[in-house]
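Structure first, then comments.
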Amino acid sequence: MSRGCASRHQPYNATSTIAMSIITRFAPSPTGYLHIGGARTALFNYLYAKHVGGAFLLRIEDTDRERSTQPAIDAIFAGLKWLSLAWDDEPVFQFARADKHRIAAEKLLAEGKAYRCYATPEELTAMREEAKAKKLTKMYNGLWRDRDPKDAPAGVKPVIRFKAPQDGETTIEDLVQGAVTVANSQLDDMVLLRSDGTPTYMLSVVVDDIDMKITHVIRGDDHLNNAFRQLQLIKALGAAQPLYAHIPLIHGPDGAKLSKRHGALGVEAYRDLGMLPEAMRNYLLRLGWGHGDDEIISDQQAIAWFDIGHVGRNPARFDTAKLSNLNGHYIRASSDARLVGLIAPLIEAKVGRTLDTEIKARLERGMAGLKTRAKTLIELADGAGFYAKTRPIALDDKAKAVIEGGGGALLVDISRNLDAVNDWTAPSLEAWAKSWSEAKGLKLGQVAQPIRAAVSGTTVSPPVFEVLAVLGKAETLVRLLDCTR
RNA sequence: GCUCCCAUCGUCUAGAGGCCUAGGACGCGGCCCUCUCAAGGCUGAAACAUGGGUUCGAAUCCCAUUGGGAGCGCCA
């Protein structure tokens, strides 16, 4: 292939042995549902791993005991499964690995690469204010960095801080952003172990990524600034550094950050909105990544084509209209049987009873005409409702107007003549309607609309003669007669 | 405020110095098809943020400006 593997920023030969053992990971914190940005991050990690024949791992970052919840963990699993983003191996739970993290911190302490800090919250606040006044980025001023531990105040439990390099600079060769350099003087000594002995996120991520042998860290670019500190830590721990790919965040339709308070729905919300998982995947893939003029991209193609080099560097806005369009495409492409299975529960909830096999068979026969008219499964279920309703069919206002506006008067005549039609197929019903309306001096629409109104209860439906064929002669005639009374 | 990142139609994007009179898709307008509504086909309007360089040549490379975004916790 002429594009793909050799990405623009990739600093190594992708065909080397390293490509044989690529491992990516998705590492959400279970403090809420799997939101749309997380889903895309997971998708990119999954696709890249599959593209190179590597592994895609899942790690639940549940070290924040206050905010992590089991329902959130379940939601993440459910969301990934719905999207068919299957992870390899068992998920890793970060909190369960706290001992490993602590040992790493103690190792650094023993090697003089970390130190105990006894600064009080008041001192920290003062440092922050001083840093702000001096127009500095960093906050911690190294108060305990070189102080003799003997000076430690009694009764204060210390945190362990990383002794970060103070001179020089740190550069990340980011696969998406390119080389990004920051002066070490901008980075302060981060906390590794809290005073209660629990590890912080920075330490846990680094240790886990090392132990899980992660080769490619693909995540939101809100982590780009963290990457510098993490890289320093990795070096201090003597581990091999991973390759980073910081992908831009997804914004809301108005360009503002997509947050939980600002329209960032969980993937299950899109499922409930009637979106198909393959539409979601296709949409998310195209948000921040492109492959020439291709828009409709199958899973197989996505795996074959996905490369980090073509991930865009600018944030993308979430566009519901395009998602809907894609969803409509995938609904049309779905099998009739699958769609019946997906909308049956929705229809059942609405009509208040279980659909029997006869109704389901009717839905399947009518599906070809229904599915070109829906952008979501909700719309599909709405449009299919009349096939499942029991008579007499309730008419909506527009349908009522058609019947009462003169259409109803034709129905007796129509039903009597239809009774004589023996070849009950859409083409022959249409042929009958054309000749009958011509004979009566009416336009086809003047005949078709009253029939549609009576039979579907609405003024919008699949082609009406197709509907009659799907309904069958008996059901059609009783529905027509219902409207003549 | 400080550090870092980003900038092509309204939106998602193609673009790797000459293939660009800037392509595709969604959305929007028109036409066709037509029993309604869709789908489909054809078609129209619509963008390289601004200013300087570099170069024979810049959407593309460099700098500045402007505008967005992210991060600056004993959160993750």
Side-chain angles (χ1 to χ4, degrees), chain A residues 8 27-31 61-64 66-68 94 117 119 121 124 128 131-140 157-161 172 174 176-178 180-183 186-188 190-196 198 200-202 204-205 220-226 228 246 248-249 251 253 255-257 283 286-296 309-310 312-326 328-329 332 369-375 383 398 402 430 433-434 437 443-449 451-453 456 458-465:
Chain A
R8 210 178 337 193
S29 55
T31 54
E61 305 211 323
D62 55 351
T63 51
D64 185 337
E66 296 296 310
R67 298 198 297 151
S68 296
Q94 192 162 60
C117 169
L124 258 17
R128 183 179 291 131
K132 205 170 181 180
K134 286 186 179 173
K135 302 186 174 186
L136 262 31
T137 307
K138 63 183 196 179
M139 176 209 119
Y140 184 71
K157 287 207 167 189
V159 300
I160 292 181
R161 283 186 187 271
I172 304 264
D174 196 272
V176 172
Q177 311 290 349
V180 185
T181 301
V182 77
Q186 297 296 327
L187 276 13
D188 66 4
M190 61 185 161
V191 172
L192 264 22
L193 244 38
R194 301 186 186 95
S195 51
D196 65 358
T198 58
T200 60
Y201 161 78
M202 286 289 185
S204 300
V205 169
D221 77 5
D222 49 336
H223 287 282
L224 183 57
N225 290 283
N226 291 333
F228 299 102
H246 287 96
L249 302 178
H251 290 175
K257 184 190 177 186
Y283 178 70
R286 286 287 291 103
L287 217 50
W289 180 84
H291 184 267
D293 287 342
D294 296 303
E295 296 289 345
I296 303 293
H310 281 83
R313 279 134 297 184
N314 47 320
R317 296 186 189 199
F318 194 84
D319 180 11
T320 315
K322 190 153 184 175
L323 206 210
S324 290
N325 173 272
L326 232 24
H329 168 86
R332 274 170 259 139
L370 293 167
K371 69 184 180 184
T372 58
R373 291 166 173 75
K375 290 201 187 309
K398 286 180 181 173
V402 168
E430 183 168 355
K434 275 179 177 160
S437 56
K443 287 183 176 175
L444 184 57
Q446 291 175 288
V447 175
Q449 274 308 76
I451 298 176
R452 167 175 286 115
S456 75
T458 70
T459 52
V460 175
S461 83
V464 72
F465 305 110

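Reminder, nothing fancy here: chain letters follow the sequence lines and each chain counts from 1. Keep in mind it's a predicted model, so treat the numbers as computed, not measured.
A:Lys322 contributes a side-chain N or O that forms a donor-acceptor pair with the base of B:rA25 under 3.5 Å. The base of B:rA16 is paired with the side chain of A:His310 by a donor and an acceptor separated by under 3.5 Å.
Among the atoms of the strands shown, none is found under 4.0 Å from any heavy atom of A:Asp196. Backbone-only engagement by A:Val191 is indicated by non-hydrogen atom pairs under 4.0 Å involving sugar-phosphate atoms exclusively. Nucleic acid contact class of A:Gly288 (heavy atoms, under 4.0 Å, all strands): sugar-phosphate only. Among the atoms of the strands shown, only primed sugar atoms or phosphate atoms (P, OP1, OP2) are found under 4.0 Å from some heavy atom of A:Thr63. Using a 4.0 Å heavy-atom cutoff across all strands shown, A:His223 reaches at least one base atom of the nucleic acid. Residue A:Thr181 is classed as a sugar-phosphate contact, given heavy-atom separations below 4.0 Å to backbone atoms only. Base engagement by A:Ala119 is indicated by at least one non-hydrogen atom pair under 4.0 Å involving a base atom.
Partners of A:Arg286 according to the salt bridge (Lys or Arg N to Asp or Glu O under 4.0 Å) rule, which considers only residues two or more places apart in sequence or in another chain, are A:Glu295. Scanning for ring pair (Phe, Tyr, Trp, His ring centres under 6.0 Å) contacts around A:Phe465 gives an empty result, with sequence neighbours left out. Residues passing the side-chain contact (heavy atoms from CB on, under 4.5 Å) test with A:Val447, sequence neighbours excluded: A:Ile414, A:Trp436, A:Ser437, A:Leu442, A:Ile451. Residues passing the side-chain contact (heavy atoms from CB on, under 4.5 Å) test with A:Asp196 are A:Arg194, A:Thr198, sequence neighbours excluded. The salt bridge (Lys or Arg N to Asp or Glu O under 4.0 Å) check on A:Lys371 picks up A:Asp336, with sequence neighbours excluded. The salt bridge (Lys or Arg N to Asp or Glu O under 4.0 Å) search around A:Asp319 returns none, not counting sequence neighbours. With sequence neighbours excluded, the residues forming a side-chain contact (heavy atoms from CB on, under 4.5 Å) with A:Thr372 are A:Arg332, listed by chain and number. Residues that satisfy the side-chain contact (heavy atoms from CB on, under 4.5 Å) test with A:Lys398, not counting sequence neighbours, are A:Asp396, A:Thr459.
A 3.5 Å limit on both hydrogen-bonding distances identifies no Watson-Crick or G-U partner for B:rG27. Across all strands shown, B:rC37 remains unpaired; no Watson-Crick or G-U wobble contact has both distances below 3.5 Å. When Watson-Crick and G-U wobble pairs are counted only if both distances are under 3.5 Å, B:rA46 pairs with no nucleotide at all. Of the nucleotides present, B:rG69 is the one that pairs with B:rC4 by Watson-Crick or G-U wobble criteria, both distances under 3.5 Å. Across all strands shown, B:rG18 pairs with B:rC56; the Watson-Crick or G-U wobble distances both stay below 3.5 Å.
Here the nucleotide nearest the side chain of A:Arg313, chosen from B:rC6, B:rC74, B:rA76, is B:rC6. Distance from the side chain of A:Arg332 is smallest to B:rG40 among B:rG71, B:rA76, B:rG40. When distances run from any side-chain atom of A:Val180 to the nucleotides B:rA76, B:rC12, B:rC5, the shortest one goes to B:rC5. Listed candidates were B:rC26, B:rC4, B:rA39. Nearest to the side chain of A:Ala321 is B:rC26.
Atoms NE2 (A:His251) and C1' (B:rG69) sit 5 Å apart, rounded to a whole Å. B:rC4 atom C1' lies 15 Å from atom CG of A:Asp188, rounded to whole Å. Here B:rG24 presents its P atom at 11 Å from CD of A:Glu295, a figure rounded to the nearest Å. Taking atom OH on A:Tyr201 and atom P on B:rC74, their separation rounds to 15 Å, with Å as the unit. Summarising the geometry, the separation between CG on A:Leu323 and C1' on B:rU11 is reported as 13 Å, rounded to the nearest angstrom. Atom CG of A:Leu287 and atom C1' of B:rA25 are 13 Å apart (whole Å). The separation between A:Asn325 atom CG and B:rC26 atom P is 5 Å, rounded to whole Å. Atom-to-atom, CG of A:Leu187 to P of B:rC72 comes out at 12 Å; the value is rounded to the nearest Å.
Spacing between B:rG30 and B:rU66 at atom C1', rounded to whole Å, works out to 38 Å. On the C1' atoms, B:rC62 is 7 Å away from B:rU54, given to the nearest whole Å. Atom name C1', nucleotides B:rC4 and B:rC26: the rounded distance is 33 Å, in whole Å. Nucleotides B:rG1 and B:rU65 place their P atoms 14 Å apart, quoted to the nearest Å. Rounded to a whole angstrom, the distance from the C1' atom of B:rG52 to that of B:rA58 is 13 Å. Distance check on atom P: B:rG29 versus B:rC35 gives 23 Å, rounded to whole Å. Atom name P, nucleotides B:rC12 and B:rG27: the rounded distance is 15 Å, in whole Å. With C1' as the reference atom, B:rU3 and B:rU8 are 28 Å apart, rounded to whole Å.
OP1 or OP2 of B:rC74 lies within a sub-4.0 Å distance of a side-chain N or O belonging to A:Arg161. Under 4.0 angstrom from either OP1 or OP2 of B:rA38 there lies no side-chain N or O belonging to A:Lys371.
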Please enumerate all protein N or O atoms sitting under 3.5 Å from an N or O of nucleotides 21-23 of chain B, with distances to 0.1 Å.
residue, atom, partner, partner atom, Å
B:rG23, N2, A:Asp293, OD1, 3.2

Polar pairs (N or O, both sides) under 3.5 Å between protein and nucleotides 8-10 of chain B?
residue, atom, partner, partner atom, Å
B:rU8, OP2, A:Asn314, ND2, 3.4

Mind listing the N/O atom pairs, protein and nucleotides 33-37 of chain B, below 3.5 Å?
residue, atom, partner, partner atom, Å
B:rC35, O2, A:Arg452, NH1, 3.2
B:rC35, O2, A:Arg452, NH2, 2.9
B:rC35, N3, A:Val464, N, 3.2
B:rU36, O2', A:Thr459, O, 3.2
B:rU36, N1, A:Arg452, NH1, 3.4
B:rU36, O2, A:Ser461, N, 2.9
B:rU36, O2, A:Ser461, O, 3.2
B:rU36, N3, A:Arg452, NH2, 3.0
B:rU36, N3, A:Ser461, O, 2.5
B:rU36, O4, A:Pro463, N, 3.1
B:rC37, O2, A:Arg373, NE, 2.5
B:rC37, N3, A:Arg373, NE, 3.0
B:rC37, N3, A:Arg373, NH2, 2.8
B:rC37, N4, A:Arg373, NH2, 3.3

Give me, pair by pair, the N or O atoms of the protein and of nucleotides 42-51 of chain B that are less than 3.5 Å apart, along with how far apart they are.
none

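With hydrogens and angles ignored, the 3.5 Å screen pairs no side-chain donor or acceptor of A:Ser29 with any backbone N or O of A:Thr31.
Between A:Leu187 and A:Phe228 the shortest heavy-atom distance is CD2-CB, 3.9 Å.
Ring geometry, A:His223 versus A:Tyr201: the interplanar angle falls from 30° to 60°, so the pair is classed tilted.
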